Amino acid sequence: MTESFRIKKVNNLIWELMGQIFQRECQFPANSLVTILGVETSKDLLYSKITVSVFPAEKREITLDYLNKNIYDLQQFLNKKLNMRPVPKIRFVLDATEEEAAKIEKLLEKLKEEK
């Protein structure tokens with residue numbers, strides 16, 4: 001199923017604005033890199049799931065806690081910047097791609113050792 005043109009525009013706009021908010025307003029843990037990997041907005045435009053990647057992996061939970069503790073303020077920044085009503089409610093999720101890749105890599109190494 002393809003996204004509608006409007007949802008794609010909303011996703012891109014939220015992605016861009018949240019990136020700016022992350023740079024200007026957020027105090028992430030020292031020596032960490034937080035990247036927005038994607039935004040998925042519901043068809044009714046009420047909710048947006050923002051997928052973030054955190055490097056190094058040890059700082060993932062601290063960063064997610066920070067985002068969730070400050071979600072009200074982040075939502076308010078977004079509400080002021082977006083010229084639409086209603087503004088989708090945001091929710092943050094961690095990207096598990098790197099973690100899954102590491103598990104697969106370990107399994108492959110284990111298979112090589114067994115041969």
Side-chain angles (χ1 to χ4, degrees):
M1 189 181 312
T2 64
E3 296 178 34
S4 74
F5 177 73
R6 183 168 187 214
I7 290 179
K8 283 183 183 179
K9 279 190 84 161
V10 169
N11 286 344
N12 288 336
L13 190 55
I14 291 174
W15 192 332
E16 183 179 321
L17 291 173
M18 285 308 298
Q20 292 172 9
I21 292 168
F22 277 16
Q23 286 180 332
R24 295 183 185 134
E25 306 297 334
C26 293
Q27 301 288 321
F28 293 118
N31 300 320
S32 65
L33 176 65
V34 180
T35 308
I36 298 172
L37 296 180
V39 177
E40 292 178 39
T41 302
S42 63
K43 288 181 183 181
D44 57 10
L45 299 173
L46 293 178
Y47 301 96
S48 287
K49 178 174 74 169
I50 301 171
T51 305
V52 294
S53 171
V54 180
F55 185 81
E58 302 85 55
K59 301 196 180 193
R60 294 174 70 196
E61 292 302 321
I62 295 168
T63 303
L64 186 62
D65 286 345
Y66 171 83
L67 289 170
N68 287 327
K69 284 178 185 170
N70 293 288
I71 200 161
Y72 177 80
D73 294 329
L74 296 170
Q75 181 76 55
Q76 292 306 311
F77 284 121
L78 191 62
N79 292 354
K80 289 176 188 170
K81 298 282 187 183
L82 274 178
N83 192 17
M84 64 181 275
R85 295 294 173 259
V87 174
K89 299 276 185 234
I90 57 173
R91 158 174 91 89
F92 295 100
V93 294
L94 289 172
D95 176 51
T97 306
E98 292 176 33
E99 196 173 283
E100 292 299 318
K103 286 180 186 176
I104 291 170
E105 193 67 38
K106 284 181 183 178
L107 288 172
L108 290 172
E109 287 297 321
K110 188 174 180 180
L111 285 173
K112 283 182 184 177
E113 290 172 4
E114 290 176 1
K115 287 185 177 184

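Values below: every heavy atom of this structure, side chains too, minus hydrogens, waters and symmetry copies. Since the model is a prediction, treat every value here as computed from it, not as a measurement.
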Distance in Å, Ser48 OG paired with Arg91 CZ, rounded so as to fall on 0.5 Å steps: 10.0 Å
Shortest non-hydrogen contact from Arg60 toward Asp95: NH2-O, 2.8 Å
Any sub-3.5 Å donor-acceptor pair from Lys59's side-chain atoms to Leu33's backbone N or O? no
hydrophobic_cluster_shared for Ile50 and Ile71, side chain cutoff 4.5 Å: yes
Within the structure provided, determine whether Leu45 and Pro86 are in side-chain contact (heavy-atom separation under 4.5 Å). no
Between Phe77 and Glu25, what is the shortest heavy-atom contact and its length? CZ-OE1, 3.4 Å
Might you work through the side chain to side chain contact (heavy atoms under 4.5 Å, CB included) test for Gln27 and Asn70, ending with a clear yes or no? CA-CA 10 Å; Gln27 301 288 321; Asn70 293 288; over 6 Å; no
Would you say Asp65 has more than 12 foreign heavy atoms packed within less than 6.0 Å of its CG? yes
Distance, nearest 0.5 Å, that separates CD1 of Ile21 from CD of Gln75: 9.0 Å
Quick check for you: to the nearest 0.5 Å, what is the distance between Leu78 atom CG and Gln20 atom CD? 10.5 Å
Run the side chain to side chain contact (heavy atoms under 4.5 Å, CB included) check on Val39 and Met18 step by step: do they pass? CA-CA 10 Å; Val39 177; Met18 285 308 298; over 6 Å; no
Under 4.5 Å side-chain heavy-atom separation, chaining through any Ile, Leu, Val, Met, Phe, Trp or Tyr, what else clusters with Leu108? Say none if it is isolated. Ile104
Which atom of Ser32 lies closest to which atom of Pro56, heavy atoms considered: CA-CD, 4.1 Å
Counting neighbours of NZ on Lys81 that are heavy atoms of other residues, nucleotides or ligands and sit closer than 6.0 Å, is the number greater than 12? no
Just checking Asp44: does its CG atom have more than 12 heavy atoms from other residues, nucleotides or ligands closer to it than 6.0 angstrom? yes
Hey, could you give me the CZ/CG distance between Phe28 and Leu67, rounded to the nearest 0.5 Å? 5.0 Å
Evaluation steps, side-chain hydrogen bond (donor to acceptor under 3.5 Å, both in side chains), between Asn12 and Glu16: CA-CA 6 Å; Asn12 288 336; Glu16 183 179 321; over 6 Å; no
Would Tyr47 end up clustered with Phe92 when hydrophobic side chains under 4.5 Å apart are linked, directly or stepwise? no
Nearest heavy-atom neighbours spanning Tyr66 and Cys26: OH-CA, 3.3 Å
Distance-minimising heavy-atom pair for Ser42 and Ile7: O-CD1, 3.9 Å
Cut-off 3.5 Å, side chains only: do Thr41 and Asn11 have a donor facing an acceptor? yes
Please report the shortest heavy-atom distance between Gly19 and Ile36, naming the atom on each side. N-CD1, 3.6 Å
Should we count CD of Glu109 as having more than 12 external heavy atoms under 6.0 Å? yes
Leu37 with Ile14, same ILVMFWY side-chain cluster at under 4.5 Å: no
Got a second to check how far Met84's CE is from Arg6's CZ, nearest 0.5 Å? 5.0 Å
Among Asn68, Val52, Val34, Leu94, find the one that has a side chain to side chain contact (heavy atoms under 4.5 Å, CB included) with Thr63. Val34
When rounded to the nearest 0.5 angstrom, what distance separates CG in Leu17 from CZ in Phe22? 12.0 Å
